[in-house]
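Presented below is the structure to which this report refers.
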Number of protein chains: 2
Amino acid sequence: MSHTLGIRQAQKQKTRQALLDAALGLLEEQSLSSLGLREVTRAVGVAPTAFYRHFRSTADLGVELVEEALGSLHPMIGSTVSATGDSDERITRAVDLIARHVDAYPAHVRFIARERHGGVQPVREAIRRQLARFAEEVKVALAGRPESAGWSDEDLLMLAGLYVDQMLMTASQFLEAMEGPAEERERVARTAARRLRLVGIGRHHWQD
Amino acid sequence: MSHTLGIRQAQKQKTRQALLDAALGLLEEQSLSSLGLREVTRAVGVAPTAFYRHFRSTADLGVELVEEALGSLHPMIGSTVSATGDSDERITRAVDLIARHVDAYPAHVRFIARERHGGVQPVREAIRRQLARFAEEVKVALAGRPESAGWSDEDLLMLAGLYVDQMLMTASQFLEAMEGPAEERERVARTAARRLRLVGIGRHHWQD
DNA sequence: AATTCCGGAGAACAGTTGTTAACTGCATGG
DNA sequence: CCATGCAGTTAACAACTGTTCTCCGGAATT
């Protein structure tokens, strides 16, 4: 099925990816609404007009970055939810997975945290849609577990959303603590684990 | 004590406030890192150079906006925490207080949500400092309650931070649902209340 | 082998930006 | 009443922005 695409489209996708990467890099110290088209092409070493061959505007580029960033986050969610073992083990494992993800894709995490409430509406909506998809998946995963017996669909979605939001907040806190002392990252990990434990306890006694 | 300041300084503070207000308005559809100095002065109807009489840069203006926005939020936190009555009553009352605050100061809420992870470092830090202060206050308030017996200081701070974050998330969700159907706002209120209830249950059984 | 297609380059456009300097008019303190 | 201080103005600066049009060279198609 994979028709090895010609040297033509290969080059196109290459510069396209270069534009996306350059933009992600520039967004480390500004937000999307101030990212200029020329700024991106200059960083890649390509003419400003070449930008239009790939994206209609920087907002358009932002929407595509959402797919890329949340695409990398998607598999992590799966392994977090489907973790096995004792409750406390699963929590520390989940927090550790988040920390590793932040280390591996800091720019992706920063982009999502920044633009989730950022100044560009289409990007905000794209993030909201994807996160809603994530919450839905987590909800289904939670519904399959025995301890979810008697939970209404709405309550399960509430819990799933809480987990997704908490994951993002934790990731953002890890990011802030990245170029700080190691003890700061440890502190973030500890309070994140405690928050998850509190939620887990609340979940366990929900039915009363 | 309040020495009615001369007509000179009165005018200065008046245009200064006009600049802050205009900036807050312009930030409805962009983020601080793309806010231009000329853009703000144009909205007020004043020469671009007049801006320098009040702020060193737009980042500087942003830091002052943090004080203003979180200053308006501060009393709300107090009344939320010190609410009386049955547990469920207090939750619905707290959510209602948040909803009213978003209705009264939508631009303030938007600004904080947007710039908390935004592209301007000094502003991010100012917000982080203020929110840490809030969490500290909530922690002290929580420590005074009888059900907090046996809680460590670190656990209380964890819980306080969770409440503060949850409040901001709820406020942001109310904001997104503002110009939507009333049923959407109702849905936000319901799931926010359920989240708080879950946390409350977890708090109640924390000691086991 | 000839022709079409298309990613990218180049130049030019009107409009914007932050920042400087030297100014004006008026409230203020002596 | 007069001199100082200072919020706000005007003019000019080089640098930057998004967008259009025209062109080129090489891959793709026939």
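All chains are named by letter (A, B, ...) in the order of the sequence lines, taking the proteins before the strands, and each is independently numbered beginning at 1. Computed from a predicted structure; not experimentally measured.
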Runs of at least three consecutive Watson-Crick or G-U pairs, both distances under 3.5 Å, are what I'm after; which ones involve DNA chain C?
-> C:4-12 with D:19-27, C:14-17 with D:14-17, C:19-30 with D:1-12
Are Gln17(A) and Glu68(A) linked by a side-chain donor-acceptor pair shorter than 3.5 Å?
-> yes
Would you call the rings of Tyr105(B) and His108(B) parallel, tilted or perpendicular, where under 30° means parallel and over 60° means perpendicular?
-> parallel
Whole-Å distance separating the CD atom of Glu39(B) from the C1' atom of dT17(C) = 10 Å
Interatomic distance, Arg53(B) CZ vs dG18(C) C1' [rounded to whole Å] = 16 Å
Could you please name the option among dG18(D), dT19(C), dG8(D) that lies closest to any side-chain atom of Tyr52(A)?
-> dG18(D)
Enumerate all atom pairs, one protein N or O and one N or O from nucleotides 10-13 of chain D, separated by less than 3.5 Å.
unit_1  : atom_1 : unit_2   : atom_2 : d
dT10(D) : O4     : Thr49(B) : OG1    : 3.2

Candidate nucleotides dG18(D), dG8(C), dT19(C), ranked by approach to the side chain of Leu37(A) - the nearest = dG18(D)
Scanning both residues in full, the closest heavy-atom pair of Phe134(A) with His74(A) reads CE1-CD2, 3.1 Å
Are the side chain of Thr58(B) and the backbone of Leu37(B) linked by a donor-acceptor contact shorter than 3.5 Å?
-> no
For Glu67(B), does the CD atom sit with more than 12 other heavy atoms under 6.0 Å from it, leaving out its own atoms?
-> yes
Any donor-acceptor pair under 3.5 Å from Arg114(B) side chain to His117(A) backbone = yes
Across the strands shown, which category fits Arg16(B) at heavy-atom distances under 4.0 angstrom: base, sugar-phosphate, nothing?
-> nothing
When the distance from CZ of Phe51(B) to P of dT20(C) is rounded to whole Å, what number comes out?
-> 14 Å
For Ser57(B), answer base if it contacts any base atom (sugar-phosphate contacts may also be present), sugar-phosphate if it contacts only those atoms, and nothing otherwise; contact means non-hydrogen atoms under 4.0 Å.
-> nothing
Can you give me the N/O atom pairs linking the protein to nucleotides 27-30 of chain C at distances under 3.5 Å, or say none if there are none?
unit_1  : atom_1 : unit_2  : atom_2 : d
dA27(C) : N3     : Arg8(B) : NH1    : 3.3
dT28(C) : OP1    : Ile7(B) : N      : 2.8
dT28(C) : OP1    : Arg8(B) : N      : 3.2

With nearest nucleotides of DNA chain C determined for Lys12(A) and Leu35(B) from heavy-atom distances, which residue corresponds to the more 5′ nucleotide?
-> Lys12(A)
Are more than 12 heavy atoms from other residues, nucleotides or ligands located less than 6.0 Å from atom CZ of Arg93(B)?
-> no
Residues, nucleotides or ligands: over 12 heavy atoms within 6.0 Å of Gln13(A) CD | no
Using a cut-off of 4.0 Å on non-hydrogen atoms, how would the nucleic acid contact of Arg42(B) be classed: base, sugar-phosphate, or nothing?
-> sugar-phosphate
Neighbour count above 12 (heavy atom, 6.0 Å) for Phe55(B) CZ | yes
NZ of Lys14(A) versus P of dG8(C): gap in Å, rounded?
-> 11 Å
Which value, rounded to the nearest 0.5 Å, describes the distance between Leu97(A) atom CG and Thr170(A) atom OG1?
-> 12.5 Å
Take atom CG of Leu61(A) and atom P of dG18(D), then tell me their distance rounded to the nearest Å.
-> 12 Å
In this structure, are over 12 heavy atoms from other groups packed under 6.0 Å from Arg145(A) atom CZ?
-> yes
